[in-house]
2 protein chains.
Amino acid sequence: MEEQKNVRRRGDDLLESLYEVTMKLMEEIKPTNITFQQIAEAAKTSRSVLYRRWPTTFDLLQDIYTYKAQRLFDGDFLDEMKDTGSLRGDFIQFLNFYQQMYKEIGAEVLNNYFYLRMQDKENNKEPVVHTAALDKYIRAMETILEKAQSRGEEVKKVSKATLMLPFDMIRMENLVRPDNISNKRLESMVDEVLLPVFKV
Amino acid sequence: MEEQKNVRRRGDDLLESLYEVTMKLMEEIKPTNITFQQIAEAAKTSRSVLYRRWPTTFDLLQDIYTYKAQRLFDGDFLDEMKDTGSLRGDFIQFLNFYQQMYKEIGAEVLNNYFYLRMQDKENNKEPVVHTAALDKYIRAMETILEKAQSRGEEVKKVSKATLMLPFDMIRMENLVRPDNISNKRLESMVDEVLLPVFKV
DNA sequence: TGCATTAGGATACAATTTGTATCTTATTAA
DNA sequence: TTAATAAGATACAAATTGTATCCTAATGCA
């Protein structure tokens, strides 16, 4: 017997509320063990609402993290990049932007997003968010390297996979050593890795 | 009404069977949606057996992937490393070993392992596997670099975090671009990244 | 303003799953 | 050989699932 549910919301309001409630529930209950029943109760809505949208909790989780990641990548933080006058400075700024991005939405969101995407590879859902973010990233990297060139700092020609190195490194740090990302660490990533790799 | 279950196994036999069955089930059913009922039936055993060991499916999954990762890192593949005569050759051999490791057990195992560890960070379980593997790795890297030194190939002094780069890169490749790891890619990782980073 | 459409919410129901408890019995170790 | 151990069967109430049907508030369009 489901009690009176009095809040009545529609569309995005409802959706965001469901996302929030689910995220909050996951602070106590592990994603593997969460149920639609619990979510419906906590969100003060009916299970029908959930089943109309998602066949299983897994699909709900996928949507949650895709939504969060989308908002993240849609941000225009890269537009705010300035020419710092040196490749080193540009790299540090670049890493700082991405690190900021991880901090704002939380490393867990991004890590979960990437993980759930991977679990679903057989379904081959369109990785819209992912590719959009990658395009943005690649363009930013190319700009940085071109500016260095025109500034007189000679730059190496690298493969596309290697061009992903800064992005990969930030991701790895947030996945494996999330508590350990200081400004000093970002600088050492630039001085010990990025500059030797990209600068002649 | 549970039907007659005739297979009777104990200890590790039983445990490994449960792991295998669960892994196999997960090829069809997402980890979030799997049930003890299904596992017990597929494994031809009783739910009691499962509940005695794990309170929830999440805990079972954690044990599965920890076990798999453990077996992986326990391997003595690093002992088989030869002196190839050059830092470049040693790096390529080194990456090849780790890549082999990922292939044998499957990249998904390690990815799941890291994911479940992340989800459990508040519990702060001892990351036994992780640190043991790291020690092994660090020692191998130091050996490689020392050999290069004594060979006359000058080597840079880097931070401990940067010393993780080869390991991180293999992990990242398997996480993000698992279908794309050719010998050629491994060589480009050495030529475009590792040598510029570690060699003077 | 009024009316049709849309979508949230309540309820019901059978089937499945959960968590726990109790009992039997094959296997192990002493 | 016997006692301890652990696997397996069964039962049961509570919770969850998946689906279907009905009601009604909000929306949009004429």
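The sequence lines fix the lettering, A, B, ..., with proteins before strands; numbering per chain opens at 1.
Nearer to the 5' terminus of DNA chain C, by closest-nucleotide assignment, is the contact made by B/Phe36 (compared with the other of B/Phe36 and B/Arg10).
Rounded to whole Å, the distance from CG on A/Leu18 to C1' on C/dA7 is 13 Å. For the pair A/Gln38 CD and C/dT18 P, the computed distance is 12 Å after rounding to whole Å. Rounded to whole Å, the distance from CG on B/Asp12 to P on C/dT28 is 12 Å. The CD1 atom of A/Ile34 sits 16 Å away from the C1' atom of C/dT18 (whole-angstrom rounding). Summarising the geometry, the separation between OH on A/Tyr51 and C1' on C/dA10 is reported as 16 Å, rounded to the nearest angstrom. Atoms CD1 (B/Ile29) and P (D/dG18) sit 11 Å apart, rounded to a whole Å. When rounded to the nearest whole Å, the span between CD of B/Glu41 and C1' of D/dG8 equals 15 Å. For B/Leu50 and D/dA9, the CG to P distance is 12 Å, given to the nearest whole Å.
Judged purely by distance below 3.5 Å, without hydrogens or angles, the side chains of B/Tyr67 and B/Glu16 pair a donor atom with an acceptor atom. Side-chain contact check for A/Thr84 and A/Gln93: no donor-acceptor pair (N or O, by modelled atom type) lies under 3.5 Å. Side-chain atoms of A/Ser86 and A/Glu153 include no donor-acceptor pair closer than 3.5 Å. Counted by atom type alone, A/Thr66 and A/Asp63 present zero donor-acceptor pairs between their side chains at under 3.5 Å.
Residue A/Arg9 is in sugar-phosphate contact alone, with no base atom involved, counting any heavy-atom pair closer than 4.0 Å across all strands shown. Using a 4.0 Å heavy-atom distance criterion, A/Ser48 is classed as a base contact.
For A/Arg47 against D/dG18, a side-chain-to-base donor-acceptor contact under 3.5 Å is present. Side-chain N/O atoms of A/Arg8 and base N/O atoms of D/dT24 include a donor-acceptor pair closer than 3.5 Å. Side-chain atoms of B/Arg52 come within donor-acceptor range of the base of D/dG8, with a qualifying N/O pair under 3.5 Å.
Of the side-chain N and O atoms in B/Ser46, none sit less than 4.0 angstrom from OP1 or OP2 of D/dA7.
Aromatic pair A/Phe94/A/Tyr137: centroids less than 6.0 angstrom apart. Note: A/Phe91 and A/Phe198 meet the aromatic proximity criterion, with ring centroids under 6.0 Å apart.
In the displayed structure, B/Lys24 atom NZ is contacted under 6.0 Å by at most 12 heavy atoms of other residues, nucleotides or ligands.
In the helix from C/dT1-D/dA30 to C/dA30-D/dT1, the terminal helix axes, each the rotation mapping four pairs' C1' atoms onto the next four within five end pairs, subtend 40°, rounded to 10°.
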